Asks: 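One structure, as structure tokens, below. Some questions next.
None of these values were measured; they are calculated from a predicted model. Quick note on labels: first sequence line is chain A, next is B, and so on, each numbered from 1.
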Amino acid sequence: MLDPKLLRSELEQTAARLARRGYTLDTKLIGTLEIRRKNLKIRTQELQNQRNTHSKAIGHAKANGQDIQPLLNEVASLGDKLKQAESELDAIQAQLLTFQLEIPNLPHDSTPTGNRDSDNIEIRRWGEPRQLAFEPRDHVDLGAEGGLDFEVAAKLTGARFVVIQGQLARLHRALTQFMLDLHTQEHGYREIYAPYLVNADSLRGTGQLPKFESDLFKLSGDLSYYLIPTAEVPITNLARDRIFETNDLPLRYVAHTPCFRSEAGSYGKDVRGMIRQHQFEKVELVQIVRPEESYATLEELTRHAETVLQRLELPYRVMALCTGDIGFASAKTYDLEVWLPGQRKYREISSCSNFEDFQARRLQARWRNPTTGKPELLHTLNGSGLAVGRTLVAVIENYQDERGHIRIPSALKPYLRGLEVIIPDGR
RNA sequence: GGAGAGAUGGCCGAGCGGUCGAAGGCGCAGCACUGGAAAUGCUGUUUAGGGGUAACUCUAACGAGGGUUCGAAUCCCUCUCUCUCCGCCA
């Protein structure tokens, strides 16, 4: 959520900044609602004040044994007027809030202007795609005999699920352990185990609700919980309704969770293979920091995610997403795109964002600023470090040989007890 | 799943229809005392919104939402969470 003050005192400038990301702010509507809100607020407070003074007077009179009937007559009509004013105020505030919750974050000045992913800007590259002396196969093809089974998953559940078996399942698990160890032992993150089901408040806090309900899986029973679309939701919500001291900061969390996404509206996209699934594993990095540090933190967090790819020796590039491509809650986002020989393309494997105070305002995640002594909003950031399923795909495709064997990246060997190569066993 | 108890400020805890944003204690901050510290004393110490240059002032919040009342932390209803006992369970 944006600072409501921006909508009160800098409405036109705010609209201009939002226009850069293709969002049209209805300034007329907001202006009208704001004036009504302010007038109703003043009127309500006046009436409340009258009620309070009268009630106190009645209390005193009663204590002194005086007749309170004349005082009661005075306030007779007050209650109805107040109720009327309060309900009008509630209605308009609800209307304003609904509107505000649907407004996306302001893009940071350094976020390039653009409409689509082709307007994203490449920041840097690491590694060279390997020159293969044979026609590379994609992971679906390579995995067919090695344990990636989309058909049996379709039988168990439906489309966009996978069953992984044998050495590939083990590799998948090794990747997760490797990532967690790297971030906890070398990058200073605290490992978290958290619920995979969350309530609506948590999703509102990080910005998935109210606008993106159709992207989520929701339970249909008595408990109205949602499956998490990313660990960002439970982890960032750890800071909800809290005020941290300077010494507590920065908060650095890493969590490995499954992620569940309905992928509504993505029909026809990436239907082949493991790229876009309803369920996938992700190791997520979350940092909650003081506002003045957040852009340095974004660079740092992105480097932490890049380190995973470097250790796995997977070629990638870093993209600065344009204003038209950043997420609803983000002010600035870097995507990491890994080279996939099977597609001859760089494909997204991590997304690292600074949300500034957009989530923190919804969450009321604050810190006590020692210079002002006041609680102030924190900045929240997160990034995938990395999407495990897509990393598995990248390893399979980048480490294949012409026989369809998959070499094990040396960084993973300690996690696989010296396994050197995965040879499809056909079982 | 059944029965019962509870939720008050950073923490503990009193209040059970009016002068209560809330006693008291702990913690924290400042000042005094001290060579320094401890102990002690004094003062201060929730958050959000509105008005005012400011001193200050108004409004709201005692788990959440609704109701009764001139007036609710206090009475009533619903929900959430915590604890105890029984049952079930990885």
Asks: Quick one: look up who B:C20 pairs with, Watson-Crick or G-U, both distances under 3.5 Å, and put none if it's unpaired.
Replies: none

Asks: For the pair made of NE2 in A:H54 and C1' in B:U19, what is the distance, rounded to whole Å?
Replies: 17 Å

Asks: May I ask you to decide whether A:R347 forms a salt bridge with A:E397, counting only side-chain N to carboxylate O separations under 4.0 Å?
Replies: no

Asks: Touch check for A:R366, heavy atoms < 4.0 angstrom, all strands: base, sugar-phosphate only, or nothing?
Replies: sugar-phosphate

Asks: Quote, to the nearest angstrom, the P distance that separates B:G35 from B:C20.
Replies: 44 Å

Asks: I want to confirm an ordering. Mapping A:V75 and A:Q364 to their closest nucleotides on RNA chain B, which one lands closer to the 5' end?
Replies: A:Q364

Asks: Heavy atoms under 4.0 Å, any strand shown: does A:R37 hit a base, just sugar-phosphate, or nothing?
Replies: nothing

Asks: Taking the minimum atom-to-atom distance to the side chain of A:N52, which one of B:U47, B:U59, B:G51 wins?
Replies: B:U59

Asks: Say you pick atom P in B:U45 and the same atom in B:G10; how far apart are they, in whole Å?
Replies: 14 Å

Asks: Counting the benzene-type ring for Trp, do A:F328 and A:F358 have ring centres under 6.0 Å apart?
Replies: yes

Asks: Which value, in whole Å, describes the distance between the P atoms of nucleotides B:U84 and B:C79?
Replies: 23 Å

Asks: Under a 3.5 Å cut-off for both contacts, is B:G6 paired Watson-Crick or G-U wobble with anything, and if yes, with which nucleotide?
Replies: B:C81

Asks: Where the side chain of A:Y225 is concerned, which of B:U47, B:C70, B:C81 is the nearest nucleotide?
Replies: B:C81

Asks: So if I take every side-chain heavy atom of A:N49 and compare against B:C58, B:U68, B:G51, which nucleotide ends up nearest?
Replies: B:C58

Asks: Using Watson-Crick or G-U wobble geometry with both distances under 3.5 Å, which nucleotide pairs with B:A29?
Replies: B:U43

Asks: Mind checking who B:U68 pairs with, Watson-Crick or G-U wobble, both distances under 3.5 Å?
Replies: none

Asks: Picking from B:G49, B:C70, B:U19, which would you name as closest to the side chain of A:K5?
Replies: B:G49

Asks: Both A:G59 and A:K83 contact RNA chain B. Which one's nearest nucleotide lies toward the 5' end?
Replies: A:G59

Asks: Taking atom P of B:G51 as reference, at what distance in whole Å does atom CG of A:N39 sit?
Replies: 12 Å

Asks: Any side-chain heavy atom of A:V162 sitting closer than 4.5 Å to one from A:F280?
Replies: no

Asks: For the residue pair A:H278 / A:E263, report whether a side-chain donor-acceptor contact shorter than 3.5 Å exists.
Replies: no

Asks: Could a donor-acceptor pair under 3.5 angstrom be found where the side chain of A:K62 meets the base of B:G18?
Replies: yes

Asks: A:R8 near the nucleic acid: base, sugar-phosphate alone, or nothing, with a heavy-atom cut-off under 4.0 Å?
Replies: sugar-phosphate

Asks: Paired with B:A73: which nucleotide, if any, by Watson-Crick or G-U wobble criteria at under 3.5 Å for both distances?
Replies: none

Asks: If we call it a pair only when both distances are under 3.5 Å in a Watson-Crick or G-U wobble match, what pairs with B:A48?
Replies: B:U59

Asks: Starting from P on B:G50, measure out to CD on A:Q93 and report it in whole angstrom.
Replies: 11 Å

Asks: Measuring only the C1' atom in each nucleotide, how far is B:U46 from B:C33? A whole number of Å is fine.
Replies: 31 Å

Asks: For A:R170, does the CZ atom sit with more than 12 other heavy atoms under 6.0 Å from it, leaving out its own atoms?
Replies: yes

Asks: P atom, B:U19 versus B:C26: distance in rounded Å?
Replies: 27 Å

Asks: Roughly how far apart, to the nearest Å, are B:C12 and B:G18 at atom P?
Replies: 26 Å

Asks: Whole-Å distance between B:G27 C1' and A:R368 CZ?
Replies: 14 Å

Asks: Grab the CG-P distance between A:D80 and B:U69 for me, whole Å please.
Replies: 11 Å

Asks: Once you round it to whole Å, what is the distance between P of B:A29 and CD of A:E245?
Replies: 11 Å

Asks: For A:L71 and B:C70, give me the distance from atom CG to atom P, rounded to whole Å.
Replies: 13 Å

Asks: Side chain of A:K41 only, heavy atoms from C-beta on: which candidate in B:C70, B:U47, B:G49 is closest?
Replies: B:G49

Asks: To the side chain of A:Q45, which of B:G49, B:U68, B:U19 is closest?
Replies: B:G49

Asks: How many Å lie between CZ on A:R51 and P on B:G71, as a whole number?
Replies: 7 Å

Asks: Quantified in whole Å, what is the C1' atom distance between nucleotide B:A64 and nucleotide B:C81?
Replies: 10 Å

Asks: Counting only heavy atoms not in A:R43, do more than 12 fall under 6.0 Å of its CZ?
Replies: no

Asks: Using the P atom on both, measure B:C62 against B:A72 and round to a whole Å.
Replies: 11 Å

Asks: Determine which nucleotide pairs with B:G35, using a 3.5 Å limit on both distances of a Watson-Crick or G-U wobble pair.
Replies: none

Asks: Taking 4.0 angstrom as the limit, do A:E10 and A:R17 come out as a salt bridge?
Replies: no

Asks: Would A:Y253 and A:E284 count as having a side-chain donor-acceptor pair, cut-off 3.5 Å?
Replies: no

